[in-house]
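Contents: one structure, followed by commentary.
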Amino acid sequence: MSTTSTDLLAGLNPEQVRAVTAPAGPTLVIAGPGSGKTRVLTHRIAWLISEQGIPAWRILAVTFTNKAAREMRQRVEQLISTGAAAGMTMGTFHSFGVRLLRENPGLLADRLGVLRNFTIYDDADQQAILKQVIANIGRDPKDLPPRRVQSRISAYKSGLIEPADAAETAATYDDEVMARAYAEYQRLLRRANAVDFDDLLILPIKLFDTAPEVLEKYQDRFEHILVDEYQDTNRVQYVLVEALAQKHKNLFVVGDPDQSIYRWRQADIRNILDFQKSFDQAQRVDLEVNYRSTARIVAVADNVIRLNRDRIDRKLRTDNDDGDQVSIRELADQQHEADFVVSEIRRLMRDRNLNGDDFAVMYRTTAQSRVLEEAFRVSDLPYQIVGGVRFYDRKEVKDVLAAFKLIVNPNDTISIERVIENMPVGRGLGPKAMETIDQWSIVTRRTPLDGLIAVARNELDAPQLSGAARTAAIKIGAAYDELQKLEQIEPLTDLFDAVVRLTGYRDQLAHGDDDQLERWENVLEVRADMEKYDELEPGEALAAYLEQVALVADVDSLDDDSRGRVTLITLHSAKGLEFPVVFITGLEEGLLPVSRAVEAEFTDPAAIEEERRLFYVGITRAEQLLYITYVANRLTWGRYQPGVASRFLDSLPHEHVRDLGRRSTVSPRGGMSLTGRAQTLSGLSMSTLKPAPIPPKAQVRAWSAGEKIFHPKFGEGTIIEVQERRGDQELAIEFTRHGQKRLLASLAPIELITD
DNA sequence: GAATGCATGGTTTTT
DNA sequence: CCATGCATTC
């Protein structure tokens with residue numbers, strides 16, 4: 001046993017040891033980026049089990065993503081044995097919440113009115129239900145956008161505010177409308193036997209309120225609770241954790257206030273800042289030594305985050321080598337930006353013998369990923385995208401999943417609408433027929449689908465419908481009658497085959513045009529996805545699969561087969577990850593900081609600070625090399641908009657920064673304001689950077705033979721001849737891949753390759 | 001009820 | 001620019 005102890009603590013620095021071996025009681029670990037946070041958490045758990053004799057099943061660890069939970073489990077298993085680590089509860093707040101609900105189906109149904117076969121509604125489902133809500137309260141989605149209502153409801157829920165409280169405290173007309181919408185939303189949600197993401201945290205709390213003996217059971221069980229990324233927890237999560245830790249008070253939380261980036265999701269930074277006030281005699285350990293990044297990267301990160309006013313002053317330290325300077329590069333537009341990233345990665349792979357998976361390309365908004373993805377697609381570099389158009393968000397995937405959800409939960413109104421609208425089995429049933437069925441279902445006191453199943457079995461008279469609608473209604477009832485039976489006895493993939501057959505979806509897609517065939521391919525991927533659930537008991541497999549689908553995060557898709565691939569990822573999703581080489585793209589006003597934060601600059605300065613933290617998160621993902629790019633012109637909604645370099649570039653200390661220079665040509669759309677742009681640059685953002693000479697009035701640089709250039713269409717090439725033509729130059733260029741071309745310097749979108 | 005065509009507006013970030 | 005939603009037509 002004692003040898004295990006030394007093994008466990010070997011290689012940890014004194015602060016890390018202090019955290020890992022912290023005595024019982026509430027503990028706060030403030031962990032700077034790259035300071036070994038995950039190590040501390042995994043070693044702490046291993047230490048608790050092997051040294052303190054805590055049984056694994058009495059440990060609860062909450063992480064931000066399922067991937068983090070998976071990795072943490074593996075790491076603990078490596079430290080002690082797999083057997084010893086078995087039984088630990090690890091997952092996200094949401095998956096843990098679902099688990100609590102699933103473990104108490106009786107109470108859930110009796111006290112909270114949610115049946116055990118509930119459906120988890122995602123963002124799109126919520127939107128759909130909110131449209132109904134807005135109509136029901138007599139409003140128009142045009143002046144009451146579902147998005148707004150949704151975020152308001154989520155804010156209510158995150159603050160544990162009930163519809164009645166919302167109505168009572170409403171101060172304005174808008175508040176009243178929102179409160180009404182909230183109440184109606186809850187009504188429809190419960191009628192569909194569905195829960196939203198917030199419910200997954202709130203319902204357990206309510207469960208505990210109505211059944212203290214259940215809470216006590218969990219309090220007893222979870223002797224040690226550990227929470228990662230504590231800076232991004234919200235009020236509900238705090239209440240849940242606080243309740244569970246009440247008995248043993250062994251709450252070990254790890255986080256970094258400087259990396260709090262989910263304020264918009266009601267994350268409350270006070271949870272971490274006030275931890276020592278909330279929990280008596282909480283100990284605190286600060287991890288400040290960065291082991292991840294070069295000294296220059298650490299210095300740059302520190303300089304950036306220091307500009308936030310609302311923060312605890314801390315200084316990051318590192319013993320690592322200086323490393324290379326951080327590279328800054330301006331490009332003509334996002335096309336050039338993407339090409340630059342691709343060619344630079346290719347160069348580094350060659351010159352520094354790096355692998356694709358050593359690189360990450362980050363961006364603020366998912367929309368930016370498109371152009372980048374395209375550039376990678378035409379290149380031969382393998383890549384993977386995190387947070388683009390999600391697979392599960394594709395229409396055909398949602399359609400087929402809706403058909404499955406309906407098997408488990410026939411009350412799921414949103415799914416039945418989806419199936420009827422989009423699948424052949426619903427043909428013949430329009431809004432009018434649905435209205436009739438809804439009325440009929442109230443009279444027969446069954447859910448519409450249950451009623452139709454009964455009709456198909458000749459147990460009930462069909463609703464008053466015209467011929468075609470009647471046939472369709474019976475057909476759908478018969479289909480689900482059969483699917484419900486099959487679900488109990490068949491493996492999931494066989495059930496899949498039955499679903500696509502009985503809904504007619506296979507016939508529609510598999511025999512359609514190319515477009516439809518592509519959709520069919522995606523639907524088949526769902527089938528492949530289901531294969532790993534075939535070993536589960538029929539009757540349980542589907543619910544487990546649907547739950548997994550509802551709770552996967554974008555980053556969860558990043559797994560073992562990421563080997564060799566460049567990662568394209570949003571800054572938000574990149575939290576917690578690290579890469580030898582990082583590119584942060586789109587460092588422009590309106591993008592990073594995002595426009596909404598810029599607009600709120602004076603009314604809500606915290607918004608810009610959060611953007612700065614996001615930038616900080618991006619910077620601190622890099623181990624060896626960091627590139628920051630921005631463009632002079634960005635194509636948004638089919639228009640080129642002049643880009644303004646981000647204010648955040650000002651805070652980069654110039655001794656650690658290398659300006660790779662600007663684009664040397666006029667942008668392809670013809671002479672967007674290079675001069676105007678240059679003024680903005682030198683006057684505003686680049687002032688602290690190494691001044692790069694901007695030749696006055698020379699909008700087109702003088703080219704000479706022998707120079708290597710890059711052309712977005714033709715790729716790399718070498719200038720072999722230059723002919724002067726009254727203020728312009730005609731260039732003969734030998735392209736590596738496209739042979740010789742003659743181009744006019746003033747028109748060609750070419751750039752000098754500087755290396 | 002389905003197909004076609006036109007208008008509109010949308011880009012934060014995600015469990 | 002694109003996807004979505006609505007209106008018009010058959």
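Excluded from the calculations below are hydrogen atoms, water molecules and symmetry mates; all remaining heavy atoms, backbone and side chain alike, are included. Note on naming: letters A, B, ... go to the chains in the order of the sequence lines (proteins, then strands), and numbering restarts at 1 for each one. Everything numeric in this text was worked out from a predicted model, so none of it was measured.
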State which residues pass salt bridge (Lys or Arg N to Asp or Glu O under 4.0 Å) with [X]; sequence neighbours excluded, sorted by chain then number.
X        : value
A:Glu589 : A:Arg647
A:Glu599 : none
A:Asp199 : A:Lys157, A:Arg190
A:Arg265 : none

List in chain and number order the residues that pass side-chain contact (heavy atoms from CB on, under 4.5 Å) with [X], two or more places apart in sequence or in another chain; answer none if no residue qualifies.
X        : result
A:Arg311 : A:Asp258, A:Ile305, A:Arg306, A:Asn308, A:Asp313, A:Arg314
A:Thr92  : A:Asn66, A:His94, A:Ser95
A:Arg99  : A:Thr89, A:Glu103, A:Arg221

**Study point:** Between C:dG5 and B:dT12 - C1' atom distance, rounded Å
**Key:** 23 Å
Exercise for review: Write down the distance separating the P atoms in C:dT4 and B:dT13, rounded off to the nearest Å.
Suggested key: 16 Å
Give each protein N/O atom lying under 3.5 Å from an N/O atom of nucleotides 4-10 of chain C, with the pair distance.
| from | atom 1 | to | atom 2 | distance (Å) |
| --- | --- | --- | --- | --- |
| C:dG5 | OP1 | A:Lys131 | NZ | 3.4 |

Review point. Which is true for A:Arg639 with a 4.0 Å heavy-atom rule: it touches a base, it touches only sugar-phosphate, or it touches nothing?
Key: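 Nothing, no heavy atom under 4.0 Å.
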Exercise for review: Assign A:Phe93 to base, sugar-phosphate, or nothing according to its heavy-atom contacts below 4.0 angstrom with the strands shown.
Suggested key: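 No contact.
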Check your understanding: In terms of the nearest nucleotide of DNA chain B, which residue is placed more toward the 5' end: A:Gln126 or A:Leu429?
Key -> A:Leu429
Review point. Which residue, A:Tyr363, A:Tyr627, A:Tyr630, forms the ring-ring contact (aromatic ring centres under 6.0 Å, His included) with A:Phe583?
Key: A:Tyr627
Check your understanding: Using a cut-off of 4.0 Å between protein heavy atoms and nucleotide atoms, how would you tag nucleotides 3-12 of chain B 5' to 3' with B, S and -?
Key -> -------BBB
